[in-house]
Protein chains: 2
Amino acid sequence: MKAKSKARFEARAKIIKAMAHPARLMIVDELSRRERCVRDLTEMVGSDVSTVSKHLSVLRNAGVVRDEKRGSKVYYILRTPCILNFMSCVETVIKSKAEEQLDLAK
Amino acid sequence: MKAKSKARFEARAKIIKAMAHPARLMIVDELSRRERCVRDLTEMVGSDVSTVSKHLSVLRNAGVVRDEKRGSKVYYILRTPCILNFMSCVETVIKSKAEEQLDLAK
DNA sequence: CTGTTCATTGGCAATTTAGCCAAATGACCA
DNA sequence: TGGTCATTTGGCTAAATTGCCAATGAACAG
């Protein structure tokens with residue numbers, strides 16, 4: 001039982017880890033609006049193409065996005081849009097933390 | 001504008017990063033049921049106390065949990081229970097990935 | 001006061017991650 | 001065929017993360 005639940009937490013951590021980077025969050029956010037090719041995402045993120053390509057492979061391996069090749073371009077697509085629900089809670093944490101800071105400052 | 005949104009993704013990533021570890025997910029999960037002292041959590045996680053203490057400080061710095069000292073013990077409390085909504089989506093990603101694997105195996 | 005429990009911190013070695021450049025591959029155009 | 005654009009991969013270094021042990025400090029029982 002214990003091993004099983006440990007494995008489950010590891011599986012979850014793997015996915016969350018895939019999201020735990022500003023550039024990758026930016027990518028996920030953009031893909032939530034429309035699919036995008038690597039070129040577009042690279043321009044948006046502002047790093048080297050190779051860096052962005054690696055970020056995308058992290059997201060793909062985690063199952064967060066999938067890719068679709070069309071002609072010479074590769075389009076990336078958000079696989080599970082519920083990922084965005086994530087964000088509203090993360091914002092709550094940020095806000096709650098900000099309030100704490102405020103209290104401390106009093 | 002761009003810098004502002006970049007800062008926002010960085011803030012979000014910081015919180016998500018704090019969750020991106022199996023032991024810390026286990027802790028958050030446990031704290032969602034009841035507050036716990038370090039001793040209890042250490043036993044549950046099965047690492048050294050010092051390791052667990054550091055995990056807790058990561059979660060505290062991110063604003064995910066808060067601590068409350070009572071006598072010689074320190075209790076940890078989940079600050080924003082919505083964190084758990086996270087998990088249902090993460091499970092969706094896991095399931096969707098499993099289905100993909102299944103398709104590939106055909 | 002002394003010994004014990006609870007918890008945090010410093011330090012260290014091993015592992016992982018990030019991001020750049022250069023090279024390789026594939027599609028497409030002229 | 002040659003050239004160019006789009007993307008991925010290998011290699012490398014710098015930085016961050018993990019987890020253990022040892023040392024420290026606070027609370028408390030006797």
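These numbers come from a predicted model, not from an experiment.
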Review point. Considering only heavy atoms, which members of residues 54-79 of chain A lie under 4.0 Å from some atom of DNA chain D?
Key: A:Lys54, A:Ser72, A:Lys73, A:Val74, A:Tyr76
Practice item. Find out whether B:Phe86 and B:Val28 are in side-chain contact, i.e. whether some heavy atom of one side chain is under 4.5 Å from a heavy atom of the other. Key: no
Review point. Going by an N to O cut-off under 4.0 Å, is there a salt bridge joining A:Arg70 and A:Glu68?
Key: yes
Exercise for review: Describe the nucleic acid contact of B:Thr51 in one word from base, sugar-phosphate, nothing, applying a heavy-atom distance below 4.0 Å.
Suggested key: base
Check your understanding: Atom CD1 of B:Ile27 to atom P of D:dG19: distance rounded to whole Å?
Key -> 10 Å
Check your understanding: Judged by atom type as modelled, is there a donor-acceptor pair below 3.5 Å linking the side chain of A:Arg66 to the main-chain atoms of A:Arg60?
Key -> no
Check your understanding: Tell me: CG of B:Leu41 to P of C:dA7, nearest whole Å?
Key -> 9 Å
Exercise for review: Whole angstrom is fine here: how far is it from NZ in A:Lys17 over to P in C:dT15?
Suggested key: 14 Å
Exercise for review: Round to a whole Å and report the spacing from CZ of B:Arg24 to C1' of D:dG19.
Suggested key: 12 Å
Exercise for review: Compare all side-chain heavy atoms of A:Ile16 with those of B:Leu25 and state whether any distance is below 4.5 angstrom.
Suggested key: yes
Point to revise | Sugar-phosphate, base or nothing in reach of A:Val38, heavy atoms under 4.0 Å | key: sugar-phosphate
Review point. Do NZ/NE/NH1/NH2 and the carboxylate oxygens of B:Lys95 and B:Glu99 come within less than 4.0 Å?
Key: no
Practice item. Ignoring the backbone of B:Asp48, work out which of D:dC20, C:dT9, D:dT7 is nearest its side chain. Key: D:dC20
Exercise for review: Could you check which of D:dA6, D:dC20, D:dT9 has an atom nearest any side-chain atom of A:Ser53?
Suggested key: D:dT9
Practice item. Mind calculating the distance between CG (B:Asp40) and P (C:dT5) to the nearest angstrom? Key: 16 Å
Practice item. Kindly indicate whether a cation-pi arrangement holds for B:Arg36 with B:Tyr75, taking the cut-offs as under 6.0 Å to the six-membered ring centre and within 45° of the axis. Key: no
Review point. Below 4.0 angstrom, N of the basic side chain to O of the carboxylate: do B:Arg12 and B:Glu10 qualify?
Key: no
Exercise for review: Starting from C1' on C:dT17, measure out to CE on A:Met19 and report it in whole angstrom.
Suggested key: 18 Å
Exercise for review: Kindly indicate whether the side chain of B:Ser50 and the base of D:dC21 share any N or O donor-acceptor pair separated by less than 3.5 Å?
Suggested key: yes
